[in-house]
Number of protein chains: 2
Amino acid sequence: MTTSDWLEELQAERTGLGRASTAGRVADVLRTRITEGHLPPGTRLSEEDIGAALGVSRNTLREAFRLLGHERLLLHEFNRGVFVRKLTVDDVRDLYQLRRILECGAVRRAAERRRAGFSADRWVELLVPVRDAVEEGEAAAARDRWVEVGTANMHFHQAVAALAQSPRVTEAMGHLLAELRLVFHVMDAPQAFHQAYLPENRAILELLAAGELDAAESAMATYLDAAEAQLIDAYAAGPA
Amino acid sequence: MTTSDWLEELQAERTGLGRASTAGRVADVLRTRITEGHLPPGTRLSEEDIGAALGVSRNTLREAFRLLGHERLLLHEFNRGVFVRKLTVDDVRDLYQLRRILECGAVRRAAERRRAGFSADRWVELLVPVRDAVEEGEAAAARDRWVEVGTANMHFHQAVAALAQSPRVTEAMGHLLAELRLVFHVMDAPQAFHQAYLPENRAILELLAAGELDAAESAMATYLDAAEAQLIDAYAAGPA
DNA sequence: CTCTGAAGGATTGTTCAACAATCCGTCAAT
DNA sequence: ATTGACGGATTGTTGAACAATCCTTCAGAG
């Protein structure tokens with residue numbers, strides 16, 4: 001192992017170390033609290049109460065609010081406070097429109113690279129995270145760990161987006177999925193919802209591995225159309 | 001004019017009025033300052049100096065910094081301060097990867113809608129902003145208003161992205177273009193750069209209007225490939 | 001009864017001052 | 001040339017204070 005290897009590894013860890021900011025940690029706490037569903041959409045987050053509960057000053061807390069506001073998890077209304085984002089049916093449609101563009105686009109871009117000279121080894125290597133996510137979901141379903149099925153499903157789509165090999169696409173997909181979690185909590189049985197798509201994930205993976213890239217892209221498109229319709233139905237029955 | 005019309009107009013202006021936040025206005029000032037090139041990439045923004053110059057407190061200024069940081073115009077280094085973002089060649093590649101996915105994806109999504117039953121009137125109506133941007137650029141070029149040619153070019157791509165009719169796609173495109181402005185300033189003659197693509201804009205518009213949507217999408221792809229290569233060349237000659 | 005308008009309290013927006021933590025450059029010592 | 005310590009400067013964070021705004025309540029007019 002040469003010196004440059006050491007330095008490279010250290011540089012990879014640098015982003016993890018920079019997380020020392022108090023506001024950033026507060027944002028992390030609130031983010032998981034929100035995406036896990038403990039804070040229902042519409043809940044008002046009082047600066048004083050939460051600041052006291054977490055032991056941070058109002059100024060620091062406001063910085064955390066800004067962070068989550070830009071991730072669209074919180075809605076900041078001037079002179080009124082911040083609220084857990086409440087998504088409308090139009091928001092769901094918009095999110096899936098963006099998903100179609102991002103995920104199908106990522107598949108398409110990966111396909112173009114593969115056609116433009118890409119070794120077979122490099123291709124399977126690129127698909128490893130996708131395969132991992134698929135198997136993670138199947139294993140979780142076999143053990144009836146429904147919440148893990150849900151997170152595995154997220155991992156699958158995140159991995160697909162990562163096929164574009166674009167940090168910005170990956171980050172946008174991360175924010176998109178976090179926002180979508182707000183939607184999933186309004187469903188009666190989110191477990192069954194995610195589980196139903198496990199075979200689809202497997203099918204798309206196999207299409208990708210086989211190099212059937214156009215088929216993979218259209219499979220993803222119909223996948224997303226179906227999921228969107230199902231979610232919108234749940235919304236029609238529920239709130240909004 | 002009915003009552004609902006009145007209310008609709010007022011609601012449209014609401015976003016403009018909500019800009020009463022001091023931090024938001026400070027962010028606006030800094031944003032234009034940065035995108036116009038007055039603050040070169042790498043410049044450090046001292047909290048004390050800028051706070052004194054703009055007459056706002058450090059806390060408010062920090063909120064503005066967070067806003068611009070999330071738009072990637074500023075880079076926030078912990079315990080070191082904020083700097084005007086300095087983009088690397090990899091950033092340029094990433095930005096164009098995202099542009100390909102977003103802009104080509106928007107065209108493709110619009111195409112799918114058009115095929116799935118869309119009146120001809122509705123289609124030309126949808127293309128109005130694109131046509132306006134193209135003509136705005138041509139008019140500016142005819143009068144040798146080079147900076148206006150550049151902004152018209154931005155408007156064109158923003159309008160293309162808006163074909164997806166997705167607020168989130170539109171916003172992402174806006175942030176992307178703002179970030180790209182950081183890149184354009186490193187070129188010797190950004191005017192000529194933008195002017196060269198005016199015929200391409202016109203060609204894509206005509207393909208869209210004629211319903212040649214696949215051709216429009218691939219034309220946009222080659223367009224972006226060429227622009228990316230040109231920018232990367234300029235970067236190789238210049239900094240980083 | 002409904003609508004209007006005026007207190008009143010509560011919460012947010014913003015500023016200020018202070019201290020701790022960290023970074024950066026300098027300089028001496030090995 | 002590298003190391004280590006010192007000191008100034010800047011950021012991170014806190015707490016308190018005041019102004020501005022919102023929400024609720026309530027009384028009065030039509």
Side-chain angles (χ1 to χ4, degrees), chain A residues 3 6-7 10-11 13-31 34 39 41-70 73-86, chain B residues 3 6-7 10-11 13-31 34 39 41-70 73-86:
Chain A
T3 308
W6 281 79
L7 296 178
L10 283 182
Q11 191 164 18
E13 293 184 30
R14 201 173 59 178
T15 57
L17 291 188
R19 269 271 159 263
S21 158
T22 311
R25 274 174 301 166
V26 170
D28 289 342
V29 171
L30 293 178
R31 183 175 12 246
I34 294 170
L39 294 173
T43 305
R44 179 159 165 278
L45 272 53
S46 159
E47 294 186 354
E48 197 169 4
D49 296 350
I50 297 190
L54 273 66
V56 299
S57 95
R58 271 182 64 207
N59 287 321
T60 303
L61 188 61
R62 285 166 68 83
E63 286 204 0
F65 283 167
R66 295 280 172 161
L67 289 177
L68 297 173
H70 230 293
L73 293 182
L74 294 183
L75 180 61
H76 190 132
E77 296 191 26
F78 195 78
N79 271 325
R80 289 212 23 184
V82 296
F83 304 80
V84 179
R85 193 86 192 278
K86 190 186 293 184
Chain B
T3 308
W6 281 80
L7 297 178
L10 283 182
Q11 191 165 18
E13 293 184 28
R14 201 173 61 180
T15 57
L17 291 189
R19 271 274 159 262
S21 159
T22 312
R25 274 175 299 166
V26 170
D28 289 341
V29 171
L30 292 178
R31 182 173 16 245
I34 293 170
L39 294 173
T43 305
R44 178 160 164 280
L45 272 52
S46 161
E47 294 187 354
E48 197 170 8
D49 295 351
I50 297 190
L54 273 68
V56 298
S57 93
R58 270 181 65 206
N59 287 322
T60 302
L61 188 61
R62 285 165 69 85
E63 286 203 0
F65 283 168
R66 297 279 173 162
L67 287 177
L68 297 172
H70 234 291
L73 294 182
L74 294 183
L75 180 63
H76 189 132
E77 295 191 27
F78 195 78
N79 272 326
R80 290 210 28 190
V82 296
F83 303 81
V84 178
R85 193 87 192 278
K86 191 186 291 182

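Per chain, numbering begins at 1; letters A, B, ... match sequence-line order. The basis for the numbers below is simple: all heavy atoms, side chains too, and nothing from hydrogens, waters or symmetry mates.
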Mind calculating the distance between CD (A:Glu77) and P (D:dC22) to the nearest angstrom?
11 Å
Flag side-chain contact, heavy atom, 4.5 Å: B:Ile34 against B:Leu74:
yes
Rounded distance in Å - NE2 (B:His76) to C1' (D:dT13)
12 Å
Atom pair distance, as rounded to whole Å: CZ in B:Phe83 and P in C:dC23
12 Å
What's the shortest heavy-atom distance between A:Arg66 and B:Ser21, and which atoms?
NH2-OG, 4.5 Å
Quick test: give all pairs of protein nitrogen or oxygen and nucleotides 5-10 of chain D nitrogen or oxygen below 3.5 Å, distance rounded to 0.1 Å.
residue : atom : partner : partner atom : Å
D:dT10  : O3'  : B:Arg44 : NH2          : 2.4

At their closest point, which heavy atom of B:Arg31 faces which heavy atom of B:Leu73, and how far apart are they?
CG-CD1, 3.7 Å
Give me the atom names and distance for the closest heavy-atom approach of B:Thr43 to B:Leu45.
O-CD1, 3.6 Å
Would you kindly give the CZ-to-P distance between B:Arg62 and C:dT15, to the nearest whole Å?
14 Å
Length of the CZ-P vector between B:Phe78 and C:dC24, whole Å
13 Å
Do the side-chain N or O atoms of A:Thr22 get closer than 4.0 angstrom to the phosphate oxygens (OP1, OP2) of D:dT13?
yes
Should B:Thr22 and B:Arg25 count as side-chain neighbours, where that means a heavy-atom distance under 4.5 Å?
yes
For A:Arg85 and A:Leu75, which heavy atoms make the closest approach, and how far apart are they?
CD-CB, 4.0 Å
Nearest whole angstrom, please: distance from the C1' of D:dT14 to the CZ of A:Arg58.
12 Å
Shortest non-hydrogen contact from B:Ala27 to B:Ala64?
N-CB, 3.9 Å
Between the axis at one end of the helix from C:dC1-D:dG30 to C:dT30-D:dA1 and the axis at the other (five pairs apiece), what's the angle to 10 degrees?
30°
Which part of the nucleic acid does A:Gly51 contact within heavy-atom distance under 4.0 Å: base, sugar-phosphate only, or nothing?
nothing
Identify, between A:Asn59 and B:Val82, the residue whose nearest nucleotide on DNA chain D lies closer to the 5' end.
B:Val82
So, OP1 or OP2 of C:dG13: does either fall under 4.0 Å of a side-chain N or O from B:Ser21?
no
Which heavy-atom pair separates B:Lys86 from B:Gly42 by the least distance, and what is that distance?
CE-CA, 3.9 Å
Integer-rounded Å distance: D:dT14 P and A:Leu54 CG:
11 Å
If you measure from CZ on B:Phe65 to CD on A:Glu63, what distance do you get to the nearest 0.5 Å?
11.0 Å
Take the protein atom CZ of B:Arg66 and the nucleotide atom C1' of C:dT14, then report the distance between them rounded to whole Å.
17 Å
